[in-house]
Protein chains: 2
Amino acid sequence: MLSVLSEAGKAMSQGAIQKKVGIGINRATIYRVLNSYCEDGILHRIVADDGKQYFALCMKCEKEEQPKHHFHFRCTSCDTIECLPIPVNFSLSDHYKVETVNCVISGTCKDCS
Amino acid sequence: MLSVLSEAGKAMSQGAIQKKVGIGINRATIYRVLNSYCEDGILHRIVADDGKQYFALCMKCEKEEQPKHHFHFRCTSCDTIECLPIPVNFSLSDHYKVETVNCVISGTCKDCS
DNA sequence: AATTATAACGCAACTAAGTTGCAATAATAC
DNA sequence: GTATTATTGCAACTTAGTTGCGTTATAATT
Ligand SMILES: [Zn+2]
Ligand SMILES: [Zn+2]
Ligand SMILES: [Zn+2]
Ligand SMILES: [Zn+2]
């Protein structure tokens, strides 16, 4: 599963992962594994504006490290989500406690337009 | 429904709206009206990282105009979403066609922490 | 006013994503 | 080999949102 995500180089939904992995693996199992990887910090979860969850590898190699919080681009044409190397910047009053950041730009990606 | 959203001053889900409006109005009707208002630019839709849709009034009064694309804060404690007056800034290659922007910061809001 | 057309609504059924309980299987430890 | 523990598959369930269709309400015409 991780190799599938690595090859794709993009964020994938459970359904897309299952298609790539092939038959013989259960939906529930995939979700359990994905959730487990997210807890362990191996994957991160993006909730797109289609309401679905997408999963992507957390890049940690020094060269192309993704900023902690980065934008994502969802192409409504080819139905993929890519992690953009664009950091999300904002400042909030100290009275807010930030836990997660989920930023998705949707439209048509560079390959599809 | 608009007055409910106006009073709340926050983004609300279909469920929350229905509770406030009270009984005697159908789920499907609420969704139809909300979707219609979104098409007309009266409301905007936020998809939070809980996968649910929230609806908020589009502020157009000159004083406290919301930037077109602004951040949202979802408090996981009081389960509300507020429009933050913080613009979302990013720059993308011209080959991308941006259609929608959906940015949600989650955590504990100023009232709950 | 009666009739017709049009729009809004309620209801139920449906879809899709994600989760959970439980039994069966596989892996690990003793 | 046997006991313990972790993974998996299956089915059922939950929740959000949509859709088809018949019914009611509203508006327009005669
Ligand atoms: Zn594309
Ligand atoms: Zn990412
Ligand atoms: Zn709060
Ligand atoms: Zn907003």
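The sequence lines fix the lettering, A, B, ..., with proteins before strands; numbering per chain opens at 1. Just so it is clear, the structure is predicted and the values come from calculations on it, not from any experiment.
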* **Backbone of A/Ala11 reached by a side-chain donor or acceptor of A/Glu82 within 3.5 Å** => no
* Asked: chain B on DNA chain D: first and last contacting nucleotide, 5' to 3', under 4.0 Å to a heavy atom?
  -> D/dA16 to D/dG20
* Determine yes or no for a side-chain-to-main-chain donor-acceptor pair under 3.5 angstrom, with B/Asp50 supplying the side chain and B/Lys52 the backbone. => yes
* Sequence neighbours left out, what pairs pass salt bridge (Lys or Arg N to Asp or Glu O under 4.0 Å) with at least one residue falling in residues 87-108 of chain A? => none
* Could you write nucleotides 13-22 of chain C as a row of B, S and -, 5' to 3', where a protein heavy atom under 4.0 Å of any base atom gives B, of only sugar-phosphate atoms gives S, and otherwise -? -> B---SBBBB-
* To do: Evaluate the side-chain contact (heavy atoms from CB on, under 4.5 Å) criterion for residues A/Leu84 and B/Tyr96: first the C-alpha distance (whole Å), next the side-chain angles of each, then the deciding distance (0.1 Å), finally the verdict.
  => CA-CA 12 Å; A/Leu84 299 172; B/Tyr96 288 88; 4.2 Å; yes
* To do: Mind running side-chain contact (heavy atoms from CB on, under 4.5 Å) on B/Arg74 and B/Ile105 for me, showing each step along the way?
  => CA-CA 6 Å; B/Arg74 178 168 84 94; B/Ile105 304 165; over 6 Å; no
* Relative to the ring of B/His70, is the ring of B/His44 parallel (under 30°), tilted (30 to 60°) or perpendicular (over 60°)? -> perpendicular
* Is atom OH of A/Tyr37 surrounded by more than 12 heavy atoms (other residues, nucleotides or ligands) closer than 6.0 Å? -> no
* Global bending angle along the helix from C/dA1-D/dT30 to C/dC30-D/dG1, which compares the axes of five pairs at either end, to 10 degrees -> 10°
* **Sequence neighbours excluded - ring-ring contact (aromatic ring centres under 6.0 Å, His included) pairs with any residue from residues 6-36 of chain A** => none
Residues 106-113 of chain A side chain polar contacts: donor-acceptor under 3.5 Å, at least two apart:
residue  : atom : partner  : partner atom : Å
A/Ser106 : OG   : A/Asp49  : OD1          : 3.1
A/Ser106 : OG   : A/Asp49  : OD2          : 2.9
A/Ser113 : OG   : A/Cys109 : O            : 3.1
A/Ser113 : OG   : B/His95  : O            : 2.4

* Shortest non-hydrogen contact between A/Ile86 and B/Ser91, atoms and distance -> CD1-O, 3.6 Å
